[in-house]
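Here the structure comes first, spelled out in structure tokens, and everything after it is commentary.
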Number of protein chains: 2
Amino acid sequence: MVGSGALVPASVLFLFSVALPCLGRSHNVTRPNIVIMLMDDMGWGDLGINGEPSRETPNIDLLAREGMSATAMYTAAPLCSPSRASLLTGRLSIRNGFYSDNAPGRNAYTPQDIVGGISKDEILLPELLAPQGYTSALVGKWHLGHRSPYLPLERGFNSWFGSPNCHFGPYNDKTTPNIPVFRDAKMVGRYYEQFGINRTTGESNMTKLYTQEAVKFIEQEAGKGPFFLYWAPDSTHAPTYASKDFLGTSRRDRYGDAVRELDAGVGAIVGALKKMGVAENTLVVFSSDNGAALVSKREGGSNGPFLCGKQTTFEGGMRTPGIFWWPGVIPAGTVTHQVWTQMDLFSTAIELAGGTIPEDRKIDGLPLARALLHPELEIARPVFFYRGDRLMAVRLGGYKLHLWTWSTPTYELQKGINYCPGAEVANLTTPTPTDHSARPILFNIEADPAERYPVPPHSQEYSKQVPKLLYAIIDHRRDLKKGVPQLNWCDPAVMHWAPPGCDALKTCLPVPPSKPTRCYWPH
Amino acid sequence: MVGSGALVPASVLFLFSVALPCLGRSHNVTRPNIVIMLMDDMGWGDLGINGEPSRETPNIDLLAREGMSATAMYTAAPLCSPSRASLLTGRLSIRNGFYSDNAPGRNAYTPQDIVGGISKDEILLPELLAPQGYTSALVGKWHLGHRSPYLPLERGFNSWFGSPNCHFGPYNDKTTPNIPVFRDAKMVGRYYEQFGINRTTGESNMTKLYTQEAVKFIEQEAGKGPFFLYWAPDSTHAPTYASKDFLGTSRRDRYGDAVRELDAGVGAIVGALKKMGVAENTLVVFSSDNGAALVSKREGGSNGPFLCGKQTTFEGGMRTPGIFWWPGVIPAGTVTHQVWTQMDLFSTAIELAGGTIPEDRKIDGLPLARALLHPELEIARPVFFYRGDRLMAVRLGGYKLHLWTWSTPTYELQKGINYCPGAEVANLTTPTPTDHSARPILFNIEADPAERYPVPPHSQEYSKQVPKLLYAIIDHRRDLKKGVPQLNWCDPAVMHWAPPGCDALKTCLPVPPSKPTRCYWPH
């Protein structure tokens, strides 16, 4: 029966690893183009198909109706940088090093004063696609380190238009430089300067530019050879923005306007695939880097029925839209309840490209090629919910077990910051990191996706399920080789004073003296 | 622009009142059959199209894809009896008397010891459809009073198979009789006796019977003349149940099994309309009597992103699924954001039937015939959220204003009862009735459908919107003529000891002495 979690037998992995030949033979498709559309802070509940009442996403919804919707897709982390690093490495942050251990269980990312970036010891998806003949482009936000050797063109991408960090600002370029926008290896301007975002009206053309760039890349590459397009616009990350054509057109303030413009972008990109005749040889995936940032209030999105949002390991922090579209290959109008993670995209892309998934290291992603053809399959594989270096929870089958809980720290709550606004579940949305290892909190996450009704510890259900989940954790920890943490050090000297290309633009700013300190990660 | 509420001009009502002739002329449809499918405690978020992750409602979702989905449809009350009374009278409970004033702001309904029922002074929908040639059937739960002269066949229905009250039990037939099931004017058995519900396994054939009855009615009536079918199954009301074929087939325990069986019932009924060739002359409406009963925990449903559930005047208590299907007439695959109430079904049905909406009393429902053809219309009409005799909140356009708030009384919370599990919004989910009239709490209910972020009282938005909402309340109160409360008195003697028909079945039970007392409504 459904929802009855079981331990992952080796045969499950085998089931997936044999998928490619089957797919290749029956569909005569090799090395499809791969388009990953990764939204920024867009929540599971922001899509029309996932119940957002204003229904602002007709193009994205159409993608789901023509393809497959995965209702139980998870990010690898509850925030941007580690989530994106896991997507491109197929590995949990705890392995690939995209975390900090300055303090236990803290969410670290890559602000512009971060010293580190994605380790050179990691292999990124485009680096594995290149030998298979793929041309790879990043359009949008990077967030895996903004200095050499961490930049996209040094890590397998053939081209890049976008920004290395969040579009926070405007800054004064004196105490803090504005964030640059790059084309390939060099900056071509800065947010709020050459690439305007009007903080009063919310007007910006960035989504329009990111859409044009994506369409142009498809038009250039279609027919030449396989391509990988990683489209990562950022307009639903606060401060949200939209272009003039979309401002004021939604029922959800500027956030809804941004969603509507991104939806139109999805329509334009899919339209380009069709126009160029490559739709039936292209896998399109639509997802988001983490749950909606409820901390942004009406400038943030919706996690639908799920608990809390970005920064937390509740469902609202890590459950994310998952749409898979590949006309003629993926059965149209289907829904799968298989438990997937964004790390699976790494393995699936390599599998479809005919490449080799690295065997010298643990890869957390599963190759899904066969699963994409069989939405009815049930997979028993564990999903781990990390907050920094701390394993907070695990899902296996229909159950989720919380070992640790933390919502918003008291010192942030006092400042009006809240990752769980409106939500309060006793013993769960705890304002301090709380260890439940002695009696972990269990949810039937299919019957109770909102994490409202803990399974009573004295019930049969609890005693039947908890051992399976605990064993999955033991199994996980047994072979866990922690990566060297890359997000421990910050330094004002590494900020975007003088990015490559600033000299030609004559916009280099004086670099202050180096003063490395341990980064402070408050939550 | 959307969402900008405005006061209701008389012309809006006129716009609707002229709808029928337009519809009649352009579509050559007169007196369509009307099927209202009213679920019991099913939440807005229980439908696949509204985001329930398990996607248990393919037939209901198809109805929406072939018809229109109304995302902002409201019940007239946050619980069963008053909600159903308003649907059939087109009037708020405060007018039609289906409330109690034993204590202020209490939710009253019709348990089996209730003395009252729907007042004879009220005109019910089937009574107005009969002169237009309609044959009306109720299949399922009544809940407007279980004694003469309140029963369905005394109030315009031509036939009835179902029960007057909730299927609570099993009782012992000594201190408390089991609830009877009626066919037309006489009981034909009782729940837990002739009509079994296994409380251990959850097995019951009631939904199967209710579906068969509905299909049989359509097969009998199709082609004869117009009919009105009011299908009101009750399996998603706790204690939830399903037949053997559906038990254990969902991802959401017995609740999901019940949903799946109801969804199959919807498919069967629509199938019968098609088979009998009357689909294009039938308006089908799908809705529910109130929000999901979160108090029932995993035996209750989902209100999706909305706050709290049944018994409350938050969105989770009164926002309800609204699907309108009429092939060839209602534009397929459309969504409307018009603010509708179930009382509109009363006026719309009369309008379509060519009848006359009563003019000797205030009718709260609007005739929607034209609106059904124009999903893009924006309506500025107020919706009032009552809890018993107390006006708690009002919605107008994109805004909702709370004058009073109440979640779960402290004395019930202490017993483990909770109408807002997992939710806590400061100043809003108050455990005691709290008067905010001096500074009402305002939400932009389109940008913030979860009622999480109150509009700051010192903002321009607040000072711009609140006067409009307050004026709508003044306007409402100006012509408000309260009905005589019908739900004040309870008496053990009126319980189902000896319902009509018990003599033939030889199941009459001794009636205890009459001992009328004021009913106790705790919340």
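In what follows, every heavy atom counts, from backbone to side chain, and hydrogens, waters and symmetry copies are set aside. A note on names: the letters A, B, ... follow the listed sequences, proteins ahead of strands, and every chain is numbered from 1.
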Cut-off 4.5 Å, heavy atoms of chain B, and the answer for A:T429 is neither
Of A:R319, A:K297, A:R252, the largest count of non-hydrogen pairs under 4.5 angstrom with chain B goes to A:K297
Given B:N418, B:L307, B:I49, the one with more heavy-atom pairs under 4.5 angstrom with chain A than any other is B:I49
Most contact-rich option vs chain A, by heavy-atom pairs under 4.5 angstrom, among B:N50, B:V335, B:D448, B:V425, is B:N50
### Query
Looking at side-chain heavy atoms only, is the closest gap between B:P305 and A:E52 below 4.5 Å?
no
### Message
Under a 4.0 Å threshold between the charged nitrogen and the carboxylate oxygen, would B:E446 count as salt-bridged to A:R298?
### Response
no
Between the CZ atom in A:R251 and the OG1 atom in B:T71, the distance rounded to the nearest 0.5 Å is 7.0 Å
Greatest number of non-hydrogen atom pairs under 4.5 angstrom with chain B, of A:G45, A:P449, A:C420, A:S54, falls to A:S54
Nearest heavy-atom contact between B:D253 and A:A447 is OD2-CB, 3.6 Å
So, the part of B:L294 with a heavy atom under 4.5 Å from chain A: the answer is both
Filtered by a 4.5 Å non-hydrogen cutoff, the part of residues 454-462 of chain A contacting chain B is A:V455, A:E461
So, the part of B:P421 with a heavy atom under 4.5 Å from chain A: the answer is both
Applying a strict 4.5 Å limit to non-hydrogen atoms, the region of A:P53 in contact with chain B is both
